There are 2 protein chains.
Amino acid sequence: MRHNAAMLELAILGFLHDAPLHGYELRKRIAALTGHVKPVAESTLYPAIKRLEKAGLLARRTQPGAGAAPRHMLTLTAEGQAELRRRLAHPADADITDENRWFTVLAFLRHLEEPSAQAEVLERRMAFLRQPSSFFYEGDRPLRAEEVDDPFRRGILTVARATSQAELSWLRRTLDTLRAATDG
Amino acid sequence: MRHNAAMLELAILGFLHDAPLHGYELRKRIAALTGHVKPVAESTLYPAIKRLEKAGLLARRTQPGAGAAPRHMLTLTAEGQAELRRRLAHPADADITDENRWFTVLAFLRHLEEPSAQAEVLERRMAFLRQPSSFFYEGDRPLRAEEVDDPFRRGILTVARATSQAELSWLRRTLDTLRAATDG
DNA sequence: GTGCAATACATCGTTGTCGATGTATCGTCG
DNA sequence: CGACGATACATCGACAACGATGTATTGCAC
């Protein structure tokens with residue numbers, strides 16, 4: 001289960017948790033979710049479906065094609081639902097640090113039932129965003145935007161800073177709500 | 001030259017343009033640049049160096065190791081410099097749309113000599129950020145944060161919006177400066 | 001004096017990615 | 001009626017990613 005694979009599989013499991021879908025429709029939904037940033041090829045999606053099927057996480061029933069060729073309606077099995085929750089509750093480190101992958105986790109995090117489990121995941125992201133890290137260093141010291149001469153590198157730091165602040169403030173608001181839900 | 005490979009190769013060429021380095025040092029710089037978001041394994045870096053060497057983009061000279069094992073000092077060849085500029089001037093679409101890859105382009109964009117060539121690349125990013133795209137759709141219409149119920153999906157849209165606004169304003173400022181440099 | 005971390009590079013095997021290509025049906029436009 | 005695009009899925013081959021593992025040296029701490 002390499003880098004992107006985890007993300008793609010998570011998206012498949014997540015979408016199928018909402019409703020049974022066939023591959024082609026799944027493909028369109030994934031394209032809408034991540035396609036404008038990082039498109040997924042058909043020849044990547046179908047093998048991924050097979051992997052998940054082989055692992056018993058989803059089942060397919062062939063239906064006469066509404067439009068054209070026969071459709072393979074895909075349904076999440078009980079194990080599939082359990083696996084989805086496991087992956088959402090305990091994402092790999094790269095799922096927390098890589099924005100693309102993190103957004104995929106967020107897109108399906110509502111499938112975790114416990115607000116406290118959701119909060120735990122958000123807290124991991126918060127810890128990552130809070131640690132002082134840069135893209136450029138002087139020795140071991142992370143450089144701030146003002147200390148970098150190159151305007152393009154300053155841009156990286158400026159944008160990263162704005163993103164991180166916006167996300168931290170959203171995380172704080174959302175965690176407050178989740179904690180209120182747990183206490184109440 | 002698949003997905004990540006392009007980004008990794010660009011980083012190698014970019015760092016070597018500044019100064020000759022050996023693989024181990026290269027690895028540390030790449031880790032600083034992108035490692036906290038998306039780490040690169042040693043066993044990915046060394047084959048990448050070999051690919052570039054084989055393509056004649058860089059040359060190596062073996063030196064007695066300062067610390068330990070013999071170092072392979074890597075230098076960018078003339079073709080390597082030309083290739084770096086080519087990749088910077090004409091990035092693939094995914095280099096523009098994927099934030100990780102885009103940041104890598106930005107980190108080395110100063111190696112393009114012409115301010116007008118730099119401006120062209122920034123304009124491609126601006127065009128991408130300006131087109132109305134979401135992560136969630138109702139039919140074909142992109143949904144705004146306020147229209148989405150799920151708090152986590154709202155978070156995605158909120159954060160993406162803040163990033164995109166911060167970056168657009170930085171892009172406008174920087175493009176103004178670049179245009180002033182071209183006119184002046 | 002020996003284990004351990006850091007330096008520095010390499011290879012191997014498994015798995016994932018993706019472009020190219022193929023197959024088949026249906027609707028529609030001309 | 002013939003081309004074309006959308007629907008719907010599949011296979012193949014080349015190549016990239018990466019964990020595991022290996023090799024070899026230096027220096028430091030215990």
Side-chain angles (χ1 to χ4, degrees), chain A residues 1-12 20-31 34-35 37-55 58 60-74 92-95 98 100-101 104 139-140, chain B residues 1-12 20-31 34-35 37-55 58 60-74 92-94 98 100-101 139-140:
Chain A
M1 198 197 322
R2 209 66 89 255
H3 42 305
N4 287 331
M7 191 169 103
L8 177 56
E9 291 179 9
L10 187 65
I12 295 173
L21 296 171
H22 50 99
Y24 197 80
E25 177 62 26
L26 203 42
R27 191 179 169 243
K28 284 197 289 184
R29 304 229 178 164
I30 292 172
T34 60
V37 168
K38 198 182 189 89
V40 172
E42 267 186 293
S43 48
T44 303
L45 174 62
Y46 286 113
I49 290 175
K50 276 192 186 165
R51 278 201 304 278
L52 295 174
E53 194 193 1
K54 209 171 158 188
L58 51 85
R60 74 170 76 194
R61 284 167 301 153
T62 305
Q63 282 188 341
R71 290 172 164 180
H72 296 223
M73 278 313 258
L74 305 168
D93 281 343
D95 292 332
D98 183 327
N100 293 332
R101 296 177 61 162
T104 307
D140 274 345
Chain B
M1 196 198 325
R2 208 66 90 257
H3 42 305
N4 288 332
M7 192 168 103
L8 177 57
E9 291 180 10
L10 187 65
I12 296 172
L21 297 171
H22 50 100
Y24 198 81
E25 177 61 28
L26 203 42
R27 192 181 167 243
K28 284 197 288 185
R29 304 230 178 165
I30 292 172
T34 60
V37 169
K38 199 184 188 90
V40 172
E42 267 186 293
S43 48
T44 303
L45 173 62
Y46 287 112
I49 291 174
K50 277 193 186 164
R51 279 202 303 277
L52 295 173
E53 196 193 1
K54 210 171 156 189
L58 51 86
R60 73 170 76 195
R61 284 166 303 153
T62 304
Q63 281 188 341
R71 289 173 163 179
H72 297 225
M73 280 311 261
L74 304 168
D93 280 343
D98 184 326
N100 293 331
R101 297 176 61 161
D140 274 345

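What you are looking at is a predicted structure, and each value in this text was computed from that prediction instead of being measured. A note on names: the letters A, B, ... follow the listed sequences, proteins ahead of strands, and every chain is numbered from 1.
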Sugar-phosphate only, base, or nothing, as touched by B:K38 at under 4.0 Å among non-hydrogen atoms: nothing
Side chain to side chain contact (heavy atoms under 4.5 Å, CB included) between A:L10 and A:D95, worked out: CA-CA 11 Å; A:L10 187 65; A:D95 292 332; 5.8 Å; no
OP1 or OP2 of C:dT11 under 4.0 Å from side-chain N/O of B:K50: yes
Member of A:L74, A:L8, A:L58 meeting the side-chain contact (heavy atoms from CB on, under 4.5 Å) criterion with A:L52: A:L58
Among D:dT11, C:dT17, D:dT7, the one nearest A:N4 by side-chain distance: C:dT17
A:M73 CE - D:dC9 P separation (whole Å): 9 Å
Gap between atoms CG and P, on A:L26 and D:dT7 respectively (whole Å): 15 Å
Nucleotide nearest A:S43 (side chain, heavy atoms from C-beta), chosen from C:dT7, D:dA16, C:dA20: C:dA20
Upstream residue (5' side of DNA chain C) when A:T44 and B:E42 are each assigned their closest nucleotide: B:E42
A:K50 and A:R60, any side-chain heavy atoms less than 4.5 Å apart: yes
Check: B:R61 and B:H72 side chains under 4.5 Å, non-hydrogen atoms: no
Separation of atom NZ in A:K54 from atom P in C:dT15, rounded to whole Å: 9 Å
Distance test, side-chain N/O of A:R71 to OP1/OP2 of C:dC26, below 4.0 Å: no
For atom OH of B:Y24 and atom P of D:dA24, their distance in whole Å: 18 Å
Rounded distance in Å - CG (B:L10) to P (D:dA16): 16 Å
Sub-4.5 Å side-chain heavy-atom contact between B:L26 and B:I49: yes
Touch class at under 4.0 angstrom, heavy-atom based, for A:R51 against every strand present: sugar-phosphate
Residue whose closest nucleotide on DNA chain D lies nearer the 5' end, A:H22 versus B:V40: A:H22
Presence of A:Y46 side-chain N/O under 4.0 Å of D:dC9 phosphate oxygens OP1/OP2: yes
Whole-Å distance separating the CG atom of A:L45 from the C1' atom of C:dT17: 12 Å
For atom CD1 of A:I12 and atom C1' of D:dC9, their distance in whole Å: 14 Å
Length of the line joining A:L21:CG and D:dC9:C1', which is rounded to integer Å: 16 Å
